[in-house]
Amino acid sequence: MTKFQCSIAISLVLLQCLAVHVASQSFDFFYFVQQWPGSYCDTQQSCCYPTTGKPAADFGIHGLWPNYNDGSYPSNCDSSSPFNPSEVSDLKSSMQNSWPTLACPSGDGEQFWSHEWEKHGTCSESVLDQHAYFESALSLKQKVNLLQALKSAGITPGGSYSLKSIKDAITEAAGYTPWIECNKDSSGNYQIYQIYLCVDTSGSNLIECPVFPKGTCSSEIEFPSF
């Protein structure tokens with residue numbers, strides 16, 4: 001290889017590294033997503049409780065996802081930064097309570113958290129390191145008690161409610177408009193599954209969502225017990 005060819009090769013490698021670095025820093029906002037365990041479990045796929053036992057009947061964190069204003073999102077931005085349980089050992093108890101896994105087979109949560117960090121968290125490393133990423137999500141959950149917001153509006157698990165009433169109750173409590181994702185229960189009925197709120201690039205402050213994901217709910221949806 002000539003010096004010129006070697007120089008070209010080095011330049012290409014540097015450009016690839018720069019592209020990865022830029023991708024890990026470039027996003028416009030976060031989706032903060034919480035899921036209702038009753039809806040996760042009440043599908044044909046069903047669920048498995050974590051090895052720590054059945055989670056509380058409360059919304060659990062799914063993830064904190066960097067997103068772009070056009071609706072697309074970065075993912076898997078830094079393969080050199082795998083999930084490291086020791087980085088969040090002081091948060092593990094809180095994560096097991098507020099960020100439980102319901103996937104089968106049963107697990108302690110580490111596989112779930114690893115997926116969330118490596119797919120989504122690594123794309124916000126310019127703002128949040130691994131510990132700060134999980135700590136920010138836990139803090140956001142404390143900002144708005146979704147279950148209490150719904151209960152205060154007379155919306156309790158085990159009933160059927162209008163999509164509008166659910167949105168209005170959460171908007172009243174959060175101060176910002178949520179997006180509601182539905183799935184279908186084992187009988188094919190729409191049910192409240194996940195609630196999205198938007199967060200600024202610091203990972204700390206709720207904002208109005210620049211864009212909402214695509215999805216379908218009926219005007220009347222189930223809120224299954226858990």
Side-chain angles (χ1 to χ4, degrees), residues 27-43 45 47 50 55-69 71-77 83 91 94-103 109 111-124 127-128 132-150 163 166-167 169-171 173-184 190-217 221 223-224 226:
F27 65 100
D28 297 316
F29 68 97
F30 288 101
Y31 281 130
F32 177 56
V33 187
Q34 296 183 68
Q35 62 186 13
W36 179 246
S39 301
Y40 186 105
C41 293
D42 187 15
T43 61
Q45 182 179 338
C47 69
D58 191 11
F59 286 89
I61 298 170
H62 184 170
L64 183 62
W65 304 340
N67 229 76
Y68 298 127
N69 287 337
S72 63
Y73 61 91
S75 64
N76 300 298
C77 294
F83 177 68
L91 302 176
S94 296
M95 289 165 66
Q96 287 175 330
N97 290 329
S98 298
W99 203 326
T101 179
L102 290 167
Q111 185 174 349
F112 183 22
W113 306 328
S114 175
H115 169 80
E116 290 302 309
W117 167 252
E118 291 170 13
K119 181 176 181 179
H120 301 288
T122 56
C123 298
S124 64
V127 180
L128 304 172
Y133 174 78
F134 289 99
E135 187 174 43
S136 293
L138 292 168
S139 296
L140 287 166
K141 188 179 188 309
Q142 300 305 312
K143 284 181 179 286
V144 183
N145 187 325
L146 295 178
L147 185 59
Q148 186 57 54
L150 294 175
L163 179 61
I166 292 170
K167 283 185 176 180
I170 295 170
T171 301
Y176 297 96
T177 308
W179 187 75
I180 311 298
E181 180 183 358
C182 292
N183 65 5
K184 290 185 177 181
Y190 283 106
Q191 58 186 359
I192 182 172
Y193 172 44
Q194 298 197 129
I195 295 176
Y196 290 59
L197 288 166
C198 290
V199 180
D200 67 11
T201 53
S202 74
S204 302
N205 305 303
L206 295 173
I207 59 172
E208 285 293 348
C209 288
V211 63
F212 289 119
K214 295 179 180 179
T216 303
C217 283
I221 57 177
F223 188 14
F226 180 65

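Residues: numbered from 1 along the sequence shown. These numbers come from the heavy atoms of this one structure, side chains and all, not from hydrogens, waters or symmetry mates. Since the model is a prediction, treat every value here as computed from it, not as a measurement.
- In this structure, the separation between OG on Ser136 and CZ on Phe134 is 11.0 Å, given to the nearest 0.5 Å.
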Query raised in the report: Stepwise, does the side chain to side chain contact (heavy atoms under 4.5 Å, CB included) test hold for Tyr196 with Asn67?
Result: CA-CA 12 Å; Tyr196 290 59; Asn67 229 76; over 6 Å; no

Query raised in the report: Can you list the steps and then say if Trp113 with Ile61 is a side chain to side chain contact (heavy atoms under 4.5 Å, CB included)?
Result: CA-CA 10 Å; Trp113 306 328; Ile61 298 170; over 6 Å; no

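- Listed for the Asp28 side chain is a donor-acceptor partner under 3.5 Å among the backbone atoms of Asn69.
- Thr101 places no side-chain N or O within 3.5 Å of a backbone atom of Pro50 that could act as its donor or acceptor partner.
- Judged by distance alone, the side chains of Asn183 and Gln191 do bring a donor and an acceptor atom under 3.5 Å apart.
- Remark: Tyr133 pairs with Trp117 by the ring pair (Phe, Tyr, Trp, His ring centres under 6.0 Å) rule, at least two apart or across chains.
- For CD of Gln111, the number of neighbouring non-hydrogen atoms (other residues, nucleotides, ligands) closer than 6.0 Å is 12 at most.
- If you take CG on Asn205 and CG on Asp200, they are separated by 4.0 Å, rounding to the nearest 0.5 Å.
- By the 4.5 Å heavy-atom criterion applied to side chains, Phe59 and Leu150 are counted as neighbours.
- Residues Pro37 and Cys47 are not in side-chain contact: their nearest non-hydrogen atoms beyond the backbone lie 4.5 Å or more apart.
- Side chains of Tyr68 and Pro74 form a contact here, defined as non-hydrogen atoms less than 4.5 Å apart.
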Report task. Decide side chain to side chain contact (heavy atoms under 4.5 Å, CB included) for Phe32 and Val144; before the verdict, give the C-alpha distance in whole Å, the side-chain angles of both, and the deciding distance to 0.1 Å. Result -> CA-CA 11 Å; Phe32 177 56; Val144 183; over 6 Å; no

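- Here the straight-line distance linking atom CD1 of Ile180 with atom CZ of Phe212 works out to 9.5 Å at 0.5 Å rounding.
- Note that OG1 of Thr122 is 11.0 Å distant from CD of Glu116, once rounded to the nearest 0.5 Å.
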Requested in this report: For Cys41 and Phe226, run side chain to side chain contact (heavy atoms under 4.5 Å, CB included): C-alpha distance rounded to whole Å, both residues' side-chain angles, the deciding distance at 0.1 Å, then the answer.
Outcome: CA-CA 8 Å; Cys41 293; Phe226 180 65; 3.9 Å; yes

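- A distance of 6.0 Å separates CG of Leu102 from CD of Gln35, quoted to the nearest 0.5 Å.
- The aromatic rings of His120 and His115 stand perpendicular to each other, their planes meeting at an angle above 60°, with 30° marking the opposite boundary.
- Taken from CD in Gln194 to CH2 in Trp179, the straight-line distance is 8.5 Å, to the nearest 0.5 Å.
- Among residues two or more places apart in sequence or in another chain, the ring pair (Phe, Tyr, Trp, His ring centres under 6.0 Å) test is passed with Tyr73 by none.
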